Protein chains: 2
Amino acid sequence: MDTDERIALAMAELLRKQGYAATGINQLARAAGAPTGSLYHHFKGGKREIAAAALRQTGAAYIQLLPLLLDAHDDLAAGIEALFAQAAEDMRDTGWANMCPVGTVTAETADTEPELREVAAEVMGTWVETGSRYFTTRGLAETDSRTVVFAVLSALEGAFVLARGLRSAEPFHAAGRTIKTYVASLCTEQPKTPTRARAQSGKRTGT
Amino acid sequence: MDTDERIALAMAELLRKQGYAATGINQLARAAGAPTGSLYHHFKGGKREIAAAALRQTGAAYIQLLPLLLDAHDDLAAGIEALFAQAAEDMRDTGWANMCPVGTVTAETADTEPELREVAAEVMGTWVETGSRYFTTRGLAETDSRTVVFAVLSALEGAFVLARGLRSAEPFHAAGRTIKTYVASLCTEQPKTPTRARAQSGKRTGT
DNA sequence: GCCATTCTAGAGTGACCGTTCTACCGGGAG
DNA sequence: CTCCCGGTAGAACGGTCACTCTAGAATGGC
């Protein structure tokens, strides 16, 4: 694996566990198996640039999970509920540590580190864009797709926080059930096309 | 105002803007208008104890908003949508800075500061308990109340993060609409047949 | 062989961290 | 008056911070 990637990956791991301010460069160096000097050789911008790279890397990886998990379900609403159940399981398996670094970093640095906030906004923007495009391919109207992806992301990020604090999977299940109901209500509103059994995905029209 | 309260209030303000690790004792002393020594006189536990007090204070204040905002609406579902709209407005008015300190601190310290995580869990616990009790008085079944309060809290905390990063109120509106639909479905549904193709008995505004 | 470049390695630097310490102030009790 | 004490004030302390600097090892072209 590329050294840059290894550093960014280690940073992402630390960010989601303890946030940006609490993560030290020396701690990162230890975690990444690289001396301090190497960190600054690969990322001349220092801690901030490493964090930015970590956010971008994580953001790209996370959004891929959406079609990966949802394509397995013909019923979109049920798929979304399963997605939340999966997130809950991951969270529990990692000892309630598996926060999303983008959320953590955004919450603590939006006012103090403008560059990181912009990177976070960029990542979230791709989430919304990619996600709403996917939901459109699953038969939702464009405005509904956007609403659903915002609802899913908000509920996920929030459930991460609640679950992390309470050490309970309940937030995920509640959020999943809620959005499942909403998506189901959208599907029944348009009895035109049943839209069932469709497996094609990944094909995207240029923007 | 009591000095202890003033310190905790200033801490809460800093926590929700920049989190726990990035908030220094000297910065807090400046913000609270008290010298370092006074801080340690009032809170022998230092930074951690002040943060704990801030979380408890904020938590108690926040949960009071729930009945305060929802009692104004006869229609519970509409009230919840209004609650999210209100949160969006506050967020925008404060320059997208108005995070919930409980969420921020939980996200960044759950693994590194066990005492703070426990305080956060205690606060969230009272939110769930108080909130579900309130929803029960509004006519929801007990299990539904619990689901709704978890969904509302998750969506709110998540929308804070998304909105803070994107500087947009859209997450709040999407989350509000979703939960409104869910609550409406709880109020109107007593279906004997699981037919989904049929329109629900209640009226639904398209939006 | 040579040299330049890339990357590793970690000691060094000044600034700031949370915390502790000492000094000081106002006022009630004797 | 003196003594005490809750509270104010900020200097001092050891430690850690992000970052820089210098030196050495590895690599590729000639």
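All of these numbers come straight from a predicted model, not from anything done at the bench. Side chains are part of it too, since the values below use all heavy atoms of this structure and drop only hydrogens, waters and symmetry mates. Proteins get letters first, then strands, A, B, ... in listed order; numbering begins at 1 in each.
Using a 4.0 Å heavy-atom distance criterion, B/Gly24 is classed as a sugar-phosphate-only contact. Looking at heavy-atom distances under 4.0 Å, B/Gly37 makes contact with a base. As judged by a 4.0 angstrom heavy-atom cut-off over every strand, A/Ile25 is placed among residues touching the sugar-phosphate backbone only.
In the set C/dT8, C/dG18, D/dT8, C/dT8 carries the atom at the smallest distance from any side-chain atom of A/Pro35. Considering only the side chain of B/Lys47, C/dG18 comes nearest among C/dG10, C/dG18, D/dC17. Nearest nucleotide to the B/Thr36 side chain, out of D/dC19, D/dT8, C/dT19: C/dT19.
In this structure, the CZ atom of A/Arg6 is 12 Å from the C1' atom of C/dC7, given to the nearest Å. Distance, B/Glu49 CD to C/dT19 C1': 14 Å, rounded to whole Å. To the nearest angstrom, P of D/dG24 lies 19 Å from NE2 of A/His41. A/Leu28 has its CG atom 16 Å from the C1' atom of C/dG10, to the nearest Å. Between the CG atom of B/Leu39 and the P atom of D/dG7 there is a distance of 14 Å, rounded to whole Å. D/dA9 atom C1' lies 15 Å from atom CZ of B/Arg30, rounded to whole Å. Between the CG atom of A/Asn26 and the P atom of D/dA18 there is a distance of 7 Å, rounded to whole Å. Rounded to whole Å, the distance from CD on A/Glu5 to C1' on C/dC7 is 17 Å.
Of all non-hydrogen atoms in B/Asp111 and A/Arg164, the two that sit nearest each other are OD2-NH1, 3.4 Å.
Dashed line: the shortest gap from a side-chain N or O of B/His42 to OP1 or OP2 of D/dG6 is not under 4.0 Å. Distances shown here put every side-chain N or O of B/Ser38 at or beyond 4.0 Å from the OP1 or OP2 atom of D/dG7.
Residues B/Glu115 and B/Arg48 meet the side-chain proximity criterion, which asks for heavy atoms closer than 4.5 Å. A heavy-atom distance below 4.5 Å is found between the side chains of A/Tyr62 and A/Pro101.
Enclosure of atom NZ in A/Lys180 is not indicated, since only 12 or fewer non-hydrogen atoms of other residues, nucleotides or ligands lie within 6.0 angstrom. A 6.0 Å sphere centred on CG of B/Asp93 holds more than 12 heavy atoms belonging to other residues, nucleotides or ligands.
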